Amino acid sequence: MPNNSKVYISQLKDNVGKEVTLSGWLYNSRASGKIQFLIIRDGTGLCQCIVEKGKVPDELFDQLKHLGRESSLTITGAVRQEARSVGGFELAVTGAEVVSPAADYPITPKSHGVDFLLKNRHLHFRSQRQWCIGKIRHTVIDAIRRYFNDNGYILIDTPILTSMVGEDKQSLFEVDYFGSPLHLTQTGQLHVESAAMSFGKVYCFGPTFRAEKSKTRRHLTEFWMVEPEVAFIDLDGILELAENFVSFIVAQVLQNNSSQLETLGADLQALENIKPPFYRLTYTDTVDILNGQKAKTFLAGQLQDLKSQKQQIENRITELEGQQKGQIKQWKRDKNTAELVELRSELNEVDTKIENNPKHAKLAAEFVWGKDLGGSDETIISQMHDKPIFVTHYPKAAKAFYMKTDRSNDKVVLNFDLLVPDGFGEILGGSAREDDYDLLAARIVEFGLKIEDYSWYLDLRKYGSVPHAGFGLGLERTVAWITGERHIRQCIPFPRMMDKVYI
RNA sequence: UCCCCGAUAGCUCAAUUGGUAGAGCGAGCGGCUGUUAACCGCUAGGUCGUAGGUUCGAGUCCUACUCGGGGAGCCA
């Protein structure tokens with residue numbers, strides 16, 4: 001084989017006209033008598049390889065014809081541009097060598113249930129959707145590190161085993177540490193605060209554990225969180241940091257992963273729109289919106305939309321069912337069946353939304369100042385806006401002990417949540433930290449925590465206390481939001497959920 | 001912890017409201033030189049989640065349990 005060189009599928013565009021060898025796996029194949037179409041994947045992309053009878057030895061032609069999906073192989077041929085082919089290039093095959101044949105690969109190109117795919121997560125990695133999400137997750141992580149590293153932040157690794165309670169005592173995973181109890185970290189914030197007093201600008205980035213009994217598409221018991229902490233900054237300053245940071249992440253994904261976003265069906269237009277400044281509302285503003293006519297009108301309109309959607313789906317179902325009763329071609333019947341399955345599941349989803357709409361409207365209308373915002377309240381607020389929204393100044397009683405009390409209104413704290421449009425509600429939350437020794441000590445006592453456990457934390461207020469602030473960004477929720485993925489569990493390689501850990 | 005929905009072939013789903021278990025995909029064999037979740041023909045594949053109950057008769061109705069999905073609370 002002359003001029004034969006090993007290349008990756010991502011390099012095909014630079015090798016048009018040359019004979020190259022790819023190493024990969026058989027993703028899918030179609031045969032049509034004397035021609036075969038093999039889709040090969042190699043980790044960098046997909047390539048259709050054309051095998052024509054007569055251009056390869058007959059034994060090889062027959063071997064490839066019966067090769068099972070996900071068999072590994074090397075394949076050689078001339079690269080040519082071809083618009084009809086996935087990726088725009090294809091290989092005119094002259095030779096191939098099977099490295100390891102596979103048979104009965106369980107994941108087929110047809111649809112599968114969530115549970116089945118999770119049980120086969122080790123194989124599901126290989127499918128297009130998971131591959132695209134994995135690439136985007138990588139870009140998001142890279143963007144997070146790049147943003148902080150390029151802006152003078154120092155990475156501080158905070159402990160995973162800890163005695164600190166950062167959020168809620170109810171959601172701790174306890175660990176037996178040589179006979180005495182410790183728990184897995186819920187946040188690195190308290191530790192990273194001490195580092196901020198040394199380095200000025202710092203961040204931690206690692207796994208976080210919450211034993212919340214939450215079985216929803218927004219929850220994992222183990223997830224990744226990045227937490228910057230900055231000395232000498234106020235609430236406005238940290239908001240500005242957060243919107244620049246989130247915008248940078250989105251821009252990096254748009255720059256590096258546009259083809260993956262397209263494959264996933266993400267809303268590119270909406271992502272292009274993610275630029276500073278974001279909307280800023282106080283908690284009190286949002287309560288007014290939820291209680292007011294505007295939210296009522298919005299929800300009523302949404303209910304109308306849902307009902308007409310339902311009507312459309314039902315009409316289509318009736319139409320298809322009518323066709324199924326008559327005399328039609330078998331292939332048409334099959335296509336209809338597939339569409340019916342799809343429509344019925346859509347109908348189910350719309351029905352749930354229609355059922356929830358009045359409940360959410362009631363919750364919103366009857367929302368009283370003082371409670372934390374519920375999931376549905378966040379969804380309503382985020383759906384009413386086309387860009388991310390900061391909600392600031394929550395009631396002190398609903399928030400963590402370390403948040404700084406607003407000196408002009410001691411009922412509220414200087415905190416914020418970032419709600420993203422049409423997604424997972426909250427992806428980021430943060431606050432200015434209480435920097436007054438006496439006020440912080442009082443809050444620790446109020447929360448029923450032991451002051452001696454926090455003596456080191458109080459020291460930070462004793463020796464040169466400064467105004468400082470920080471936030472935490474949930475990695476998987478961010479990836480889910482950007483990719484438009486419905487389930488957060490598809491956005492981490494090996495998800496850990498309440499009552500469920502596969503491998 | 002609470003509420004709603006579900007469990008039928010390896011996978012995704014049907015079964016005309018209680019009357020002998022079906023289809024597509026996948027697998028195997030054959031046909032087809034441009035397929036895009038290809039198409040066409042044939043073959044194999046089932047203790048209807050488990051345990052009881054009602055009935056002449058249960059995939060279908062009732063009870064309990066197990067497992068799964070969605071949501072609430074809580075949260076990133």
Side-chain angles (χ1 to χ4, degrees), chain A residues 27-39 46 48 50-55 65-66 68-69 82 84-86 90 103-120 128 167-168 170-171 186-187 208-227 321 324-325 329-331 333-338 340-342 344-345 348-349 351-353 355-356 359-360 363 371-376 378 398 400 417-420 424-430 471-481 486-488 497-500:
Chain A
Y27 189 67
N28 202 2
S29 67
R30 286 177 283 273
S32 178
K34 298 191 178 66
I35 186 168
Q36 293 175 42
F37 304 90
L38 308 182
I39 311 287
L46 296 177
Q48 176 162 276
I50 314 300
V51 189
E52 288 182 65
K53 191 140 188 168
K55 304 221 169 140
K65 196 170 178 178
H66 293 103
R69 292 177 34 256
E82 172 56 70
R84 287 174 293 183
S85 208
V86 58
E90 63 181 26
D104 300 327
Y105 186 68
I107 300 176
T108 71
K110 299 282 172 174
S111 62
H112 295 283
V114 181
D115 192 50
F116 176 80
L117 290 175
L118 280 174
K119 280 177 177 150
N120 288 284
Q128 271 300 284
E167 300 289 330
D168 172 23
Q170 303 304 308
S171 61
Q186 292 177 310
T187 166
T208 300
F209 307 87
R210 306 249 170 115
E212 283 156 8
K213 302 230 185 239
S214 301
K215 248 175 50 172
T216 82
R217 62 201 174 86
R218 302 192 304 281
H219 285 87
L220 295 168
T221 53
E222 176 181 316
F223 63 96
W224 282 63
M225 185 158 71
V226 58
E227 298 173 276
E321 281 175 345
Q324 297 293 72
K325 280 178 190 148
K329 290 254 168 67
Q330 184 60 42
W331 69 266
R333 188 176 296 275
D334 298 340
K335 285 258 188 301
N336 285 351
T337 307
L340 278 169
V341 169
E342 189 79 13
R344 288 196 182 112
S345 113
N348 216 329
E349 217 164 290
D351 270 335
T352 309
K353 284 184 188 164
E355 198 181 313
N356 283 336
K359 292 183 201 165
H360 292 169
L363 280 172
K371 281 198 307 178
D372 208 343
L373 292 176
S376 64
E378 288 181 349
D417 282 346
L418 181 67
L419 311 182
V420 293
F424 280 68
E426 190 181 345
I427 63 163
L428 180 155
F471 62 79
L473 172 92
L475 176 63
E476 289 76 14
R477 283 191 182 177
T478 303
V479 173
W481 164 55
R486 242 181 85 72
H487 297 276
I488 193 174
M497 290 157 294
M498 175 193 162
D499 295 335
K500 194 182 334 186

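Just so it is clear, the model here is predicted, and its values are computed rather than measured. Sequence lines set the chain letters: A, B, ... in the order given, protein chains first and strands last, and positions in each chain run from 1.
- Every side-chain hydrogen bond (donor to acceptor under 3.5 Å, both in side chains) that E82(A) has, sequence neighbours left out, goes to R84(A).
- When each of G474(A) and K34(A) is assigned the nucleotide of RNA chain B with its nearest heavy atom, K34(A) is the one assigned upstream, toward the 5' end.
- Take K359(A) and apply the salt bridge (charged side-chain N to carboxylate O under 4.0 Å, His left out) test, not counting sequence neighbours, and it matches E355(A).
- With sequence neighbours excluded, the residues that form a side-chain contact (heavy atoms from CB on, under 4.5 Å) with K55(A) are E52(A).
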Show the distances under 3.5 angstrom between N or O atoms of the protein and N or O atoms of nucleotides 65-67 of chain B.
none

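- Residues that satisfy the salt bridge (charged side-chain N to carboxylate O under 4.0 Å, His left out) test with E90(A), not counting sequence neighbours, are R80(A).
- Partners of H112(A) according to the side-chain contact (heavy atoms from CB on, under 4.5 Å) rule, which considers only residues two or more places apart in sequence or in another chain, are I107(A), T108(A), F116(A), L117(A).
- One can place NZ of K65(A) at 16 Å from C1' of A27(B), the figure rounded to the nearest angstrom.
- Within the structure, every side-chain polar atom (N or O) of H66(A) is placed at least 4.0 Å from both OP1 and OP2 of A27(B).
- In this structure, the aromatic ring of F37(A) is not positioned over the six-membered ring of the base of G34(B) within 5.5 Å between centres and 30° between planes.
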Just the atom pairs and distances: protein N or O near nucleotides 2-11 of chain B's N or O, under 3.5 Å.
from   : atom 1 : to      : atom 2 : distance (Å)
C11(B) : O2'    : S111(A) : O      : 3.3
C11(B) : O2'    : H112(A) : ND1    : 2.6

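- As a whole-Å value, the separation of D104(A) CG from A44(B) P is 18 Å.
- The side chain of H219(A) places no N or O atom within less than 4.0 Å of a non-bridging phosphate oxygen (OP1 or OP2) of G73(B).
- Distance, Q36(A) CD to U33(B) P: 12 Å, rounded to whole Å.
- Checked against side-chain hydrogen bond (donor to acceptor under 3.5 Å, both in side chains), K119(A) has the following partners two or more places apart in sequence or in another chain: D115(A).
- T216(A) pairs by the side-chain contact (heavy atoms from CB on, under 4.5 Å) definition with R218(A), H219(A), not counting sequence neighbours.
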